[in-house]
Protein chains: 2
Amino acid sequence: MAKKFPIANQVRALREHKGNITQTELGEAVGVTRQTIAAIEQRRYSPSLETAFRIALFFQVGIEDVFNWDE
Amino acid sequence: MAKKFPIANQVRALREHKGNITQTELGEAVGVTRQTIAAIEQRRYSPSLETAFRIALFFQVGIEDVFNWDE
DNA sequence: CTAACATGTTAAAAATATTTGACATGAGTG
DNA sequence: CACTCATGTCAAATATTTTTAACATGTTAG
């Protein structure tokens, strides 16, 4: 079970670099709960493309600056 | 309901440009059904980030060459 | 110390994506 | 015409994501 999904991400690093945004704050900003942010950071599942886009938009970077293929 | 999701995509154009790939062929190549490809092309829902990545990889372009924000 | 956060984690429910199995149409071919 | 193929669509089932509501830990501020 629990096979980790094949896309790495920089969410935690971006949160920290962009002035210590909290999981809760990021979640509120992009419209998901903090548990969802935590699950994404831990690569527990593949978020929707829409959520991924919203996170990238929040940090004002491209999607591929947040998520990258990593099989 | 049925509000269209806010990300446009170039899947159909890419299929046609890349030598008339069929929805069925693309689906098989990326591991989803042809109905899923059809739904994505028609913007009926937000695919998973993983499916989006696999489509971009298939066409050998970046994710943002396939999907773009469009609220 | 105590109170307030930030994060981890989990189980159950709700929402959404995806599959499966149909049936329909139009285009093209023999 | 009859046939195949590409696509649209739909309903029901299944899978996956996301929410909600807890409880736990470590850290920091007063």
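Note that these values count all heavy atoms, side chains included, but never hydrogens, waters or copies made by symmetry.
Candidate nucleotides C/dT19, D/dT9, D/dT19 were compared by shortest atom distance to the side chain of A/T33, and D/dT19 ranks first. Side-chain atoms of B/Q23 lie closest to D/dT7 of the nucleotides C/dA17, D/dT9, D/dT7. The nucleotide whose nearest atom lies closest to any side-chain atom of A/Q42 is, among C/dT18, C/dT9, D/dG8, C/dT9. Checking D/dT17, D/dT9, C/dT19 against every side-chain atom of A/S46, the shortest atom distance belongs to D/dT17.
Taken from CD1 in A/I7 to CD in A/E64, the straight-line distance is 10.0 Å, to the nearest 0.5 Å. With values rounded to the nearest 0.5 angstrom, B/I55 atom CD1 is found 13.5 Å from B/D65 atom CG. Here A/I37 contributes atom CD1 and A/T51 contributes atom OG1; the two are 8.0 Å apart, rounded to the nearest 0.5 Å. The line from CZ of A/F67 to CD1 of A/I40 is 5.5 Å long, rounded to the nearest 0.5 Å.
Applying the 4.0 Å criterion to OP1 and OP2 of D/dT18, one finds that A/T51 has a side-chain N or O inside that range. Distances shorter than 4.0 Å separate some side-chain N or O of B/S48 from OP1 or OP2 on C/dT18. In this structure, B/T22 reaches the D/dT7 phosphate: one of its side-chain N or O atoms is under 4.0 Å from OP1 or OP2.
Along DNA chain C, the nucleotide nearest B/Y45 and the nucleotide nearest B/R34 are compared for position; the residue whose nucleotide lies closer to the 5' end is B/Y45.
If you check every strand for non-hydrogen atoms under 4.0 Å, B/T36 touches a base. Note on A/G27: nothing from the nucleic acid sits closer than 4.0 angstrom, heavy atoms only.
Atom pair B/E50:CD and C/dT18:C1' shows a separation of 13 Å (rounding to whole Å applied). Taking atom CG of B/L26 as the reference point, atom C1' of D/dT7 lies 14 Å away to the nearest angstrom. Atom P of nucleotide C/dT18 and atom CG of B/L49 are separated by 11 Å, given to the nearest angstrom. Between B/R15 atom CZ and D/dA6 atom P there is a gap of 10 Å when expressed in whole angstrom units. Summarising the geometry, the separation between CD on B/E28 and P on D/dC5 is reported as 13 Å, rounded to the nearest angstrom. Summarising the geometry, the separation between CD1 on B/I40 and P on D/dG8 is reported as 13 Å, rounded to the nearest angstrom. Taking atom CD of B/Q35 as the reference point, atom P of D/dT9 lies 12 Å away to the nearest angstrom. Residue B/N9 contributes atom CG, which lies 16 Å from atom C1' of C/dA17 at whole-angstrom precision.
End-to-end axis angle of the helix from C/dC1-D/dG30 to C/dG30-D/dC1, from C1' rotation axes over five pairs per end: 30° (rounded to 10 degrees).
No donor-acceptor pair closer than 3.5 Å links the side chain of B/R12 to the backbone N or O of B/E41. A donor-acceptor pair under 3.5 Å is absent between the side-chain atoms of A/S48 and the main chain of B/S46, judged by distance alone.
Across B/T24 and B/R34, no two heavy atoms sit closer than the pair OG1-CD, 3.6 Å.
Under a 4.0 Å N-O distance rule, the pair B/R15/B/E25 does not qualify as a salt bridge.
Scanning atom types as modelled, no donor and acceptor separated by under 3.5 angstrom connect the side chain of A/R44 and the base of C/dG8.
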